[in-house]
There are 2 protein chains.
Amino acid sequence: MYKMDQAACKNWRETPLHLRLEKLEFLEEDDFSKLDALLAYREEADPGEWVVQEDQETDRTYVLLNGWMFRFKTFEDGRRQILNFMLPGDIIGLHSLMLRRADYGAEALTPVHMAVFPSSDLVNSLANAPRLLLALSWIAGQSERLLDEHITRVGRRGAVERMAHLLVELYVRMRRIGAELDEARALPLTQEIMADALGMSHVHANRSFRTLCRDGSVAFVDGRPTIIDVIKLAQRGNFEKTYLEQPEVPDDVERASKVLPGTN
Amino acid sequence: MYKMDQAACKNWRETPLHLRLEKLEFLEEDDFSKLDALLAYREEADPGEWVVQEDQETDRTYVLLNGWMFRFKTFEDGRRQILNFMLPGDIIGLHSLMLRRADYGAEALTPVHMAVFPSSDLVNSLANAPRLLLALSWIAGQSERLLDEHITRVGRRGAVERMAHLLVELYVRMRRIGAELDEARALPLTQEIMADALGMSHVHANRSFRTLCRDGSVAFVDGRPTIIDVIKLAQRGNFEKTYLEQPEVPDDVERASKVLPGTN
DNA sequence: CGCAGATTTGAGATCTGTCAAGGGATGTGG
DNA sequence: CCACATCCCTTGACAGATCTCAAATCTGCG
């Protein structure tokens with residue numbers, strides 16, 4: 001799903017973001033055409049490339065079409081904390097809409113394709129597409145939940161549990177956007193990346209990962225951390241099924257949204 | 001500032017949220033009157049009272065007018081992680097707009113006054129007040145930055161540094177919403193609350209706090225953790241000045257916002 | 001006074017970080 | 001093809017940080 005070639009997603013409505021938004025029944029044809037206008041311009045980046053510089057002033061919003069990225073913060077002394085992973089269909093810098101400085105960096109983890117537009121464009125589209133903005137706030141709400149969970153993971157889970165929990169989350173998110181089993185199981189992560197995400201040293205990340213390997217829930221395949229037994233991994237990580245279930249849109253919101261004015 | 005009595009803030013535009021939004025120059029009289037309509041209904045809660053139940057289905061949005069609250073997650077085995085602290089002017093459940101279930105709880109830390117409205121009301125108001133929605137997304141962006149910082153704090157800072165950093169953040173946020181020095185210095189926290197926020201045991205929270213006491217940067221006054229020397233505390237916490245500076249609204253967004261349609 | 005909740009301290013067990021070294025895969029240039 | 005560099009994974013040993021358990025102290029309150 002997220003592997004579609006560039007040509008395919010450049011030409012029509014096949015981006016993961018589209019697929020995600022199609023679940024919102026109140027969106028109309030008109031909203032999608034406005035979205036298309038926003039997503040017209042595309043950029044690419046290679047692994048390790050910085051898309052957003054830390055502390056850089058920016059007014060750009062990115063929609064990840066293909067590949068993985070992550071947001072992070074670094075300290076002067078070299079410490080780094082990864083804030084979250086961005087998968088196809090995720091949006092970076094929605095809030096940069098109103099905040100001039102990005103106090104985080106964003107880096108490509110794999111080769112990526114992105115749609116890019118200046119935040120002020122969003123403001124303009126927004127004027128006559130309130131339903132679209134609602135849809136974007138839905139996306140934003142989902143990623144804020146992920147931040148909540150990440151705080152809990154880093155703050156209150158032991159090292160092995162923490163790693164298991166993260167891997168399951170990534171697996172579930174990949175599956176949710178339509179990735180095949182094999183794609184969702186083989187994660188494009190190094191142990192150092194996992195360590196920086198989980199707030200531990202890379203040495204300890206290795207020990208934790210090896211523990212999971214001995215349990216038979218994960219393994220290294222072709223140089224990638226790979227999930228072998230999701231059930232076992234989820235148990236090891238105390239992963240709650242309810243978390244990350246496809247969020248539904250409440251009926252009243254659905255109803256209220258349908259009467260929002262369109263273009264005309 | 002956040003100590004205003006209920007009568008005062010019930011009758012006119014003196015809530016911390018109003019004061020915060022007044023900094024957005026593109027908002028017009030009309031937007032504020034729509035906001036007033038949303039904020040008409042008020043509720044109160046006592047310390048320890050749960051305002052949002054974990055995993056409860058909810059369609060309500062809260063605007064904190066007065067006092068402190070926090071959001072949290074708990075585990076079956078009793079572990080608890082505090083996700084963030086809400087100060088006057090903060091909004092709880094903006095994203096519950098589109099997500100039915102709250103996967104966190106929210107609890108009053110002091111006696112609180114809140115404005116409450118059903119999320120669907122927001123959708124309705126939003127239809128003809130795009131500027132107001134922009135303003136709310138500005139608020140949402142700010143609190144998302146706080147989550148980022150909290151992840152970094154919990155993931156990559158040592159115990160003493162972590163505590164110092166949190167205390168300075170709370171102090172700065174209080175000052176930013178207009179609290180007097182004495183109000184901002186005396187924090188309504190117990191050591192157990194700090195421990196749960198910082199992802200450490202309450203025993204270790206005590207040891208870390210005592211260390212800060214010996215440094216002369218904090219003390220216990222009238223049963224409250226109290227900041228004695230902010231400068232020293234900020235140094236101990238590697239607190240960066242740039243972080244939490246009053247975010248400005250980019251010029252182009254400001255310009256684009258001004259031409260958004262008003263009521264009629 | 002006596003209770004409940006919060007802080008404080010000590011001691012030992014456990015977890016995690018740091019330092020150091022080695023191995024394996026991949027890619028490049030000679 | 002080899003030598004070499006680089007990047008990542010792996011392991012051991014030890015130091016340091018943090019947790020748990022347990023008990024003592026303090027404080028506000030009825």
Side-chain angles (χ1 to χ4, degrees), chain A residues 46-49 75 77-82 107 109-110 153-167 186-215 218-226 236, chain B residues 46-49 75 77-82 107 109-111 153-167 186-215 218-226 236-237:
Chain A
D46 292 321
E49 195 174 328
F75 292 17
D77 61 17
R79 285 179 283 180
R80 178 173 72 165
Q81 175 66 45
I82 290 179
E107 179 177 324
L109 198 50
T110 68
R153 188 160 43 213
V154 172
R156 283 299 183 206
R157 292 183 192 277
V160 180
E161 179 189 8
R162 219 183 305 178
M163 177 166 291
H165 193 275
L166 173 64
L167 298 181
L187 309 170
L189 304 171
T190 67
Q191 295 187 349
E192 189 176 2
I193 295 286
M194 292 191 280
D196 281 344
L198 298 174
M200 63 178 85
S201 67
H202 76 278
V203 174
H204 206 66
N206 174 265
R207 281 194 264 259
S208 304
F209 188 77
R210 305 254 63 226
T211 299
L212 291 175
C213 286
R214 279 191 295 276
D215 285 355
V218 301
F220 239 89
V221 179
D222 295 331
R224 290 187 162 195
T226 302
R236 199 66 160 88
Chain B
D46 292 320
E49 196 175 326
F75 291 18
D77 60 17
R79 285 179 283 180
R80 178 174 71 165
Q81 176 67 46
I82 290 179
E107 179 177 325
L109 199 49
T110 69
R153 189 159 43 213
V154 173
R156 282 299 183 204
R157 294 183 192 277
V160 179
E161 179 189 8
R162 220 184 304 178
M163 178 166 290
H165 194 276
L166 173 65
L167 298 180
L187 309 170
L189 303 171
T190 67
Q191 296 188 350
E192 189 175 1
I193 295 287
M194 292 192 280
D196 281 345
L198 298 173
M200 62 178 85
S201 68
H202 75 280
V203 173
H204 206 65
N206 174 265
R207 281 194 259 262
S208 304
F209 188 76
R210 306 253 62 227
T211 300
L212 291 174
C213 287
R214 279 189 295 276
D215 286 355
V218 301
F220 240 88
V221 179
D222 296 332
R224 289 187 163 196
T226 302
R236 198 67 160 86

Just call it for Arg157(A): base, sugar-phosphate, or nothing, with non-hydrogen atoms closer than 4.0 Å on any strand.
nothing
Among dT9(C), dG12(D), dC8(D), the one nearest Val203(A) by side-chain distance:
dG12(D)
Mind checking Phe209(A) for me? I need base, sugar-phosphate or nothing, with any heavy atom below 4.0 Å counting as a touch.
nothing
Asp196(A) CG - dC8(D) P separation (whole Å)
12 Å
Closest of dT16(C), dC9(D), dC19(D) to the Thr190(A) side chain is dC9(D)
Rounded to whole Å, please give me the gap between NE2 in His204(B) and C1' in dC15(C).
12 Å
With a 4.0 Å cutoff (strictly under), does any side-chain N or O of Asn206(A) reach OP1 or OP2 of dT10(D)?
yes
Looking at dT18(D), dT10(D), dG17(C), which one has an atom nearest to any side-chain atom of Ala159(B)?
dT18(D)
Taking CZ from Arg162(A) and P from dC15(C), how many angstroms apart are they, rounded to a whole number?
12 Å
Does any donor-acceptor pair link the side chain of Arg207(A) with the base of dT18(C) at a separation under 3.5 Å?
yes
End-to-end axis angle, where each axis spans five pairs of the helix from dC1(C)-dG30(D) to dG30(C)-dC1(D), to 10°
30°
Base, sugar-phosphate, or nothing for Gly48(A), non-hydrogen atoms under 4.0 angstrom?
nothing
Separation of atom CD in Gln191(A) from atom P in dA25(C), rounded to whole Å
15 Å
Spacing between Arg224(A) atom CZ and dA25(C) atom C1', to the nearest angstrom:
16 Å
